[in-house]
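Okay, structure first, notes after.
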Amino acid sequence: MNYTVKEVFYTLQGEGAQAGRAAVFCRFSGCNLWSGREADRDRAICRFCDTDFVGTGPDGGKFADAGALAAHIRAGWRGQGGTPYVVFTGGEPLLQLDAALITALHRLGFEIGVETNGTLPAPDGIDWLCVSPKAGTDWVQRRGDEIKLVYPQPALLPDTVATDGFTHAWLQPMDGPARTEHTRAAIAACLTDPRWRLSVQTHKITGIR
Ligand SMILES: C[S@@+](CC[C@H](N)C(=O)[O-])C[C@H]1O[C@@H](n2cnc3c(N)ncnc32)[C@H](O)[C@@H]1O
Ligand SMILES: Nc1nc2[nH]cc(C(=O)O)c2c(=O)[nH]1
Ligand code: SF4
Ligand SMILES: [Mg+2]
């Protein structure tokens, strides 16, 4: 299998229960819910995306096999001691992440995190799975370590969402021009339904990537 990667970068996880943890982020190109082109946004299934996942950037590229991508990810890890951590995101990582890549990273000693929209079944071997379901999609992956619901999605409100398959449940305010209002509304929703906790995108506040 070959892989198309937008970017690989070393940063702190900004969201959810692993927020603050050093990680190599591997952002795969492409998504099944939006082309990534602004001209298509209004007719996409997922319309609020905050991410550029089109093509390949300078620290990404095309990788011929799992060993080549795993080596590139290892070269991106800057930590000394501790357990190296990689977060696969995108775009939609489960369009490309496979058993060969999971095995290659485990052999290099990595823990593996994944950020997915939940429309594709997750392969075995992921150490930390974050599922972020999107309104109007076929949500198949209903178990994981955390569910992170971007809020508000009027067609997928928190009181209609089952959280029992997950250890942690988060409402993450939808970023964009109305982020302040969305944050206020997400706080109110967490106060009303304490199953949910607030996830702020800390990397955007601290100004890291
Ligand atoms: C860019 S997505 C990539 C992974 C996967 N496609 C997904 O949607 O989960 C990474 C995370 O950012 C969240 N996200 C995307 N756009 C957002 C926005 N405008 N405001 C807040 N979170 C957003 C997603 O819900 C997901 O949890
Ligand atoms: N620092 C940082 N944390 C993140 N958590 C999820 C991200 C993503 O885009 O998937 C992300 C990201 O892009 N940067
Ligand atoms: S599913 Fe994820 S990557 Fe795809 S458009 Fe939505 S937020 Fe962006
Ligand atoms: Mg992001």
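Positions are given from 1, in the same order as the sequence printed here. We use all heavy atoms of the structure for the numbers below, so side chains are in, but hydrogens, waters and symmetry mates are not. Read the numbers this way: they start at 1 and go in the same order the structure lists the ligands and their atoms.
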For [X], which part has a heavy atom under 4.0 Å from ligand 1: side chain, backbone, both, or neither?
{"X": "V150", "value": "side chain"}
{"X": "L33", "value": "neither"}
{"X": "T51", "value": "side chain"}
{"X": "C130", "value": "neither"}

Would [X] count as being in polar contact with ligand 1, using the rule that some N or O on each side must be under 3.5 angstrom apart?
{"X": "G91", "answer": "yes"}
{"X": "R27", "answer": "no"}
{"X": "T116", "answer": "yes"}
{"X": "D175", "answer": "yes"}
{"X": "C31", "answer": "no"}

| request: Report yes or no: is the cationic atom of R209 (NZ for Lys, CZ for Arg) closer than 6.0 Å to the six-membered ring centre of F25, at no more than 45° off its axis? | output: no

| field | Exceeds 12 heavy-atom contacts within 6.0 angstrom, atom CZ of R41 | value | yes

| said: Looking at R21 and E111, is any side-chain nitrogen of the basic one under 4.0 Å from a carboxylate oxygen of the acidic one? | reply: yes

| Side-chain ion pair, R47 and D42, N-O less than 4.0 Å | no

| message | A side-chain contact here means heavy atoms from C-beta on lying under 4.5 Å apart; do Q153 and F48 qualify? | response | yes

| task | Check whether any side-chain heavy atom of T119 sits under 4.5 Å from a side-chain heavy atom of L94, and report yes or no. | result | no

Within ligand 1, which atoms have a heavy atom of [X] less than 4.0 Å away?
{"X": "N117", "answer": "5 (C), 7 (C), 8 (O), 9 (O)"}
{"X": "P173", "answer": "20 (N), 21 (C)"}
{"X": "T89", "answer": "3 (C), 4 (C), 10 (C)"}

Under 3.5 Å: donor-acceptor pair, side chain of [X], backbone of [Y]:
{"X": "T103", "Y": "A100", "result": "no"}
{"X": "R37", "Y": "W34", "result": "no"}
{"X": "K6", "Y": "V54", "result": "yes"}

Specify the protein heavy atom at minimum distance from [atom]: its residue, its atom name, and the distance to 0.1 Å.
{"atom": "atom 6 (Fe) of ligand 3", "result": "C46 SG, 2.3 Å"}
{"atom": "atom 8 (Fe) of ligand 3", "result": "C49 SG, 2.3 Å"}
{"atom": "atom 1 (S) of ligand 3", "result": "N117 ND2, 3.4 Å"}

| field | Distance flag, aromatic centroids of F110 and Y85, threshold under 6.0 Å | value | no

| query | Just wondering, is there an N, O or S atom on C31 that's nearer than 2.8 Å to atom 4 (Fe) of ligand 3? | reply | yes

Using non-hydrogen atoms of the residue, decide whether [X] is closer than 4.0 angstrom to ligand 1.
{"X": "G118", "result": "no"}
{"X": "Q201", "result": "yes"}
{"X": "G176", "result": "no"}
{"X": "C46", "result": "no"}

| So between M174, K134, K148, whose heavy atom ends up nearest atom 8 (O) of ligand 1? | K134

Would you mind listing which atoms of ligand 3 come within a distance below 4.0 Å of any non-hydrogen atom of [X]?
{"X": "L33", "result": "1 (S)"}
{"X": "W34", "result": "5 (S)"}
{"X": "G91", "result": "3 (S)"}

| Identified side-chain contact (heavy atoms from CB on, under 4.5 Å) partner of Y151 from the options P173, C190, P158 | P158

| Sub-4.0 Å heavy-atom contact, T51 with ligand 3 | no

| field | Sequence neighbours excluded - side chain to side chain donor-acceptor pair (under 3.5 Å) pairs with any residue from residues 168-191 | value | E15-Q172, E146-W170, H168-R197, Q172-S199, D175-K204

